[in-house]
*Asks:* 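The structure that follows is given in the form of structure tokens.
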Amino acid sequence: MKIPKKTLTAAAISIFALLNANPEKINFRADYMTGRNGSKSDTTKLIGNAFVQTETMEIKADTITMSGDNFRYITAEGNVDGLNTESDMTFTCGKMKYDRTTKIARLEDTVKMVDKKNDVTADAQIIEYNQNTEVALMQIGVKILQKDNTCTSAHAIYRKKEQTLDMSGNPKITQGEDTFRAQEISLNMETNEITLDGRVSGSVTDTKKEEEAGSATEEKEGKQ
């Protein structure tokens, strides 16, 4: 199956896929499309300004391939830009694999994920996000920004519903001038409570002493 470029750019195309006996509408568009149809082997490849919209996901990329029974699998490559409309989370990466049945998205290659509702930004090389549980597994070069917290580690688990973060692999949390290190670190993002486990170290600035010193200096200058 090959459809000319002008046909696809004229308007978005809609298809219906049956998933667990429930119909799901998939909208897609691109500059060019190729594909094949067959029993449990349908494959459609969108090339150039590719866009796919499901009931819970919007994906843009240079190329997007839909494959499997009823287009179960979606693979996007090159300048991937997406939105999870259920959880209001956005993401960018180099490559994405999405399973419409399990609702699991695997993001690879310079991943940035933003939880807009909770003001959480995460960077990593690999992030696997489960839409059903709203849990993100992050690997390699993890950096998470949230309020006054800057968190870095090799591995992290972000639980959106509970607003908790568990880190391992040389984890570190920086809060202003304070730093915390351990083998494992857990952060409650709502209460800002930190739990450190194994080889704990860090540094904390005594703001009270700094304020007292500042007041003493001002008082001395006032007497002069």
*Asks:* Pair Y158, N118 - check side-chain contact (heavy atoms from CB on, under 4.5 Å), show working.
*Replies:* CA-CA 12 Å; Y158 172 56; N118 297 295; 4.0 Å; yes

*Asks:* Under the side-chain contact (heavy atoms from CB on, under 4.5 Å) criterion, do R106 and Y98 qualify, and how do the steps go?
*Replies:* CA-CA 6 Å; R106 181 179 173 88; Y98 178 55; over 6 Å; no

*Asks:* If you define the side chain from C-beta out and look only at heavy atoms, does anything of F91 sit under 4.5 Å from V80?
*Replies:*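 Yes, close enough: below the 4.5 Å cut-off.
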
*Asks:* For residues Y73 and G68, report the shortest heavy-atom separation together with the two atoms involved.
*Replies:*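 Minimum heavy-atom contact is CD1-CA, 4.2 Å.
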
*Asks:* Strictly distance-based, threshold 3.5 Å: is any side-chain N or O of E134 a donor or acceptor partner for the main-chain N or O of S87?
*Replies:*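 It does not hold such a pair.
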
*Asks:* If you take all heavy atoms of N70 and R100, which pair is closest and at what distance?
*Replies:*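 Taking N70 first and R100 second, the nearest heavy atoms are O-NH2, 2.5 Å.
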
*Asks:* When clusters are formed from ILVMFWY side-chain contacts under 4.5 Å, directly or step by step, what else is grouped with L145?
*Replies:*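 Taking Ile, Leu, Val, Met, Phe, Trp and Tyr as members, L145 stands alone, with no cluster partners.
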
*Asks:* Are any non-hydrogen side-chain atoms of Q146 and D119 less than 4.5 angstrom apart?
*Replies:*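 Q146 vs D119: side chains apart.
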
*Asks:* Among I104, N84, L137, which one satisfies side-chain contact (heavy atoms from CB on, under 4.5 Å) with Y129?
*Replies:*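 Result: among I104, N84, L137, N84 is the only option passing the side-chain contact (heavy atoms from CB on, under 4.5 Å) with Y129.
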
*Asks:* Hey, does T102 have a side-chain heavy atom less than 4.5 Å from the side chain of R72?
*Replies:*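 Contact flag for R72/T102 side chains = yes.
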
*Asks:* Tell me the closest heavy-atom pair linking D178 and V204, and the distance in Å.
*Replies:*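 Minimum heavy-atom contact is OD1-CA, 3.4 Å.
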
*Asks:* Salt bridge (Lys or Arg N to Asp or Glu O under 4.0 Å): which pairs involve residues 157-170, sequence neighbours left out?
*Replies:*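 Pairs touching residues 157-170 that pass the test: D115-K160, R159-D166.
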
*Asks:* Please say whether more than 12 non-hydrogen atoms of neighbouring residues, nucleotides or ligands are located less than 6.0 Å from CG in D148.
*Replies:*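 Not more than 12 within 6.0 Å, no.
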
*Asks:* Hey, what do you get for OG1 (T92) to NZ (K112), rounding to the nearest 0.5 Å?
*Replies:*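 One finds 6.5 Å between OG1 of T92 and NZ of K112.
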
*Asks:* Would you please test L187 and M189 for side-chain contact (heavy atoms from CB on, under 4.5 Å) and show each step?
*Replies:* CA-CA 6 Å; L187 171 66; M189 294 177 161; 4.1 Å; yes

*Asks:* Please tell me whether T65 and T75 have a donor and an acceptor in their side chains that are separated by less than 3.5 angstrom.
*Replies:*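 The criterion, which ignores hydrogens and geometry beyond distance, is not satisfied for T75 and T65.
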
*Asks:* Could you go through I74 and T54, starting from their C-alpha distance and side-chain angles, then the distance that decides it, and tell me whether this counts as side-chain contact (heavy atoms from CB on, under 4.5 Å)?
*Replies:* CA-CA 10 Å; I74 298 176; T54 69; 4.1 Å; yes

*Asks:* State the CG-CD1 distance between L107 and I127, to the nearest 0.5 angstrom.
*Replies:*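 These two atoms lie 6.0 Å from each other.
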
*Asks:* What's the separation between atom CG in N188 and atom CD in E193, rounded to the nearest 0.5 Å?
*Replies:*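 It comes to 6.5 Å.
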
*Asks:* Once rounded to the nearest 0.5 Å, what's the spacing between atom CE of M33 and atom CE of M66?
*Replies:*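 Going from CE on M33 over to CE on M66, the span is 7.5 Å.
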
*Asks:* To the closest 0.5 Å, what do you measure between OG (S203) and CZ (F180)?
*Replies:*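 So the gap between those two atoms works out to 8.0 Å.
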
*Asks:* Decide yes or no for K147 and N192: does some side-chain heavy atom of the first lie under 4.5 Å from some side-chain heavy atom of the second?
*Replies:*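 Counting from C-beta outward, K147 and N192 never come under 4.5 Å.
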
*Asks:* Among V142, I185, L196, D197, exactly one meets side-chain contact (heavy atoms from CB on, under 4.5 Å) together with P171. Which residue is that?
*Replies:*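 One option only clears the test, and that one is I185.
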
*Asks:* Is there a path of hydrophobic side-chain contacts, each under 4.5 Å between heavy atoms of I, L, V, M, F, W or Y residues, that connects I157 with I140?
*Replies:*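 Shared cluster, no.
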
*Asks:* Could you check if a side-chain atom of M57 sits within less than 4.5 angstrom of a side-chain atom of L83, using non-hydrogen atoms only?
*Replies:*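 No, their side chains stay 4.5 Å or more apart.
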
*Asks:* Check each of V114, N149, L165, I144 against V120 using the side-chain contact (heavy atoms from CB on, under 4.5 Å) test, and report the only one that passes.
*Replies:*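 Filter result, single survivor: I144.
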
*Asks:* Donor-acceptor pair, distance only, cut-off 3.5 Å: does the side chain of T85 make one with the backbone of T56?
*Replies:*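 Yes, the answer is positive, given that a donor and an acceptor are paired below the 3.5 Å cut-off.
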
*Asks:* Can you find a heavy atom in the side chain of E86 that is under 4.5 Å from one in the side chain of K103?
*Replies:*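 In short, these two side chains do not touch, never coming nearer than 4.5 Å.
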
*Asks:* Run the salt-bridge test on K116 and D88 with the 4.0 Å N-O cut-off and return the result as yes or no.
*Replies:*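 So K116 pairs with D88 through a salt bridge.
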
*Asks:* Ignoring hydrogens, what is the shortest heavy-atom contact between C93 and M96? Give both atom names and the distance.
*Replies:*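 C93 and M96 have their closest heavy atoms at SG-CB, 4.2 Å.
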
*Asks:* N79 and D62: which non-hydrogen atoms are nearest, and at how many Å?
*Replies:*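 Looking at all heavy atoms of both residues, the shortest contact is ND2-OD2, 3.0 Å.
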
*Asks:* Where do M167 and K172 come nearest, in terms of heavy atoms and distance?
*Replies:*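 That closest heavy-atom pairing would be CE-O, 4.3 Å.
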
*Asks:* Does any non-hydrogen side-chain atom of F51 lie less than 4.5 Å from one of E58?
*Replies:*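 Result yes, sub-4.5 Å side-chain heavy-atom pair found.
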
*Asks:* State whether a side-chain donor-acceptor pair under 3.5 Å links N27 with Q53.
*Replies:*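 Q53 and N27 do have a side-chain donor-acceptor pair below 3.5 Å.
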
*Asks:* Return the CD to CD1 distance between E77 and I64, rounded to the nearest 0.5 Å.
*Replies:*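 Separation between the atoms: 10.5 Å.
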
